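Computed from a predicted model, the values in this text were never measured in an experiment.
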Amino acid sequence: MERMPLETQTLCAELVERLRTFEAMRSLGYSPGTFTLKTVKGRQYYYFQQSLPGGTKRQTYIGPKSPDLDDLVTRFAETRALAESDKRSIARLASLVRAGGGMVTDSPSARVIGALADAGVFRLGGVLVGTHAFVAIGNLLGWRWSSSLKTLDIDIAADPRITVAVPHPSADVATALERLNMGFLPVPGLEADSPTTSFTVRGKGLRVDIITPARRESDRPVHIHHLGVAAQPIRHLSYLIESPVEGAIVDGDGILVRVPQPARFGLHKLLVSRSRPATQQAKACKDLEQAAQVLRAVLEDRPGDVERAWDAFLGEGRRSVRLVREAVAALKDEQPELALRLRAITG
């Protein structure tokens, strides 16, 4: 791992801020589409026409032509001009981040994450976790990771209890994936009556998994009403996704996402590395490697974050604490200095 140049760190921070502002200013003018007039039996009516992924089009009826709607269409055009300027600025920033050595995401995954973002998944409390979050966290911290980042698995965590005050209180994950025309299909549940929590593209390895904090002993899927999809319960996920932060996925453009706090991400990865079965040791090694890099970066610049994250982790139970301490011990051969610093915090 290596620290990014200061200029690239600044660009990464500016990109997140620009994306945050763009998201906050979302209005009709920022929506993809255009107003169109139709004449029916001698009268004119306004429709809003949108081009959807895959080349399909959708028209939404607005109302009969009137001075008020004419004024709305004019203001829409003015706002659209500002929106296009903002989009060009964001694309330019993303290009500069790539050129400066920032962490980038593969195009297929970025396309899927972008579609989920446009559908409102992250505005409605969804949190990107897993390796794609690891990439975004690298840009947030200003570090370039050295481990392999090749994965087509996209993991979205969501809490069914969350309440989000936004104008559009629901999204539809399945529809967003279907409109991409990439061949996404629902993965059947383990039981015949279980709703799907995963979507995959046959022969491509591209997969989207929806997960949620486990609240009880049952591992049956839980419906996430505000995302219109079911999610697989996972233990200790509440700790990971509590108070997430905003970050950017960088490909040909920038995508605003929510990711776990870096220190919590690192500690959770330590736990996961010791919780996997023997048949998943390759993944366990990857978890440990990602944890080590994130925690080293956070300890370098913001050691207090790790201490606070550990204080919160103590509430996960004695067994979980023991597993994290075992993971820290496993680091001492290859990264003795990091293991020593973590041991001083975790005991």
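- A salt bridge is defined here as a Lys NZ or Arg NE, NH1 or NH2 lying under 4.0 Å from an Asp or Glu carboxylate O, and Asp301 with Arg3 meets this definition.
- Between the side chains of Thr36 and Gln59, not a single donor N or O lies within less than 3.5 Å of an accepting N or O.
- Using modelled atom types, one finds no donor on one side chain facing an acceptor on the other under 3.5 Å when comparing His132 with Thr105.
- The six-membered or imidazole ring of Phe199 lies away from that of Phe184, with a centre-to-centre distance of 6.0 Å or more.
- When all heavy atoms of Ala94 and Gly254 are compared, the pair lying nearest together is CB-N, 4.0 Å.
- Comment: Asp287 engages Arg276 in a salt bridge, judged by a side-chain N to carboxylate O separation of less than 4.0 angstrom.
- Using modelled atom types, no side-chain atom of Arg343 and backbone atom of Ala329 make a donor-acceptor pair closer than 3.5 Å.
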Practice item. Run the numbers on His236 and Leu271 for side chain to side chain contact (heavy atoms under 4.5 Å, CB included), then give the verdict. Key: CA-CA 9 Å; His236 307 295; Leu271 172 63; 3.6 Å; yes
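- The number of heavy-atom neighbours closer than 6.0 Å to CZ of Arg235, taken from other residues, nucleotides and ligands shown, is 12 or below.
- Leu288 and Ala330 get closest at one heavy-atom pair: CD2-CB, 4.3 Å.
- In this structure, Glu289 does not pair ionically with Lys286, as no charged nitrogen and carboxylate oxygen lie closer than 4.0 Å.
- In this pair, Phe134 and Phe265 present their aromatic rings parallel. The plane angle is below 30°, not in the 30 to 60° band.
- Ion pairing between a basic and an acidic side chain is recognised when a charged N comes within 4.0 Å of a carboxylate O; Arg207 and Asp209 show such pairing.
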Practice item. Take Arg215 and Asp159 through the salt bridge (Lys or Arg N to Asp or Glu O under 4.0 Å) test and state the conclusion after the steps. Key: CA-CA 10 Å; Arg215 303 293 180 188; Asp159 191 330; 2.6 Å; yes
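- At a cut-off of 3.5 Å, with distance as the only test, a side-chain donor of Thr131 or Gln290 sits close to an acceptor on the other residue.
- Both the sub-6.0 Å distance and the 45° axial angle are satisfied by Lys38 relative to the ring of Tyr47.
- Using a cutoff of 4.0 Å between basic side-chain nitrogens and carboxylate oxygens, Glu337 and Arg341 are not scored as salt-bridged.
- Using a cut-off of 4.0 Å between Lys/Arg side-chain N and Asp/Glu carboxylate O, Glu246 and Arg258 are scored as not salt-bridged.
- Within 6.0 Å of CD in Glu326 there are more than 12 heavy atoms belonging to other residues, nucleotides or ligands.
- Around the CZ atom of Arg92, the shell of radius 6.0 Å holds no more than 12 heavy atoms that belong to other residues, nucleotides or ligands.
- Checking Asp106 against Ser109 by side-chain atom types alone, a donor-acceptor pair falls below 3.5 Å.
- Under the 4.0 Å criterion applied to side-chain N and carboxylate O atoms, Arg308 and Asp305 are assigned as salt-bridge partners.
- Between Arg18 and Glu14, at least one side-chain nitrogen of the basic residue sits less than 4.0 Å from a carboxylate oxygen of the acidic one, meeting the salt-bridge criterion.
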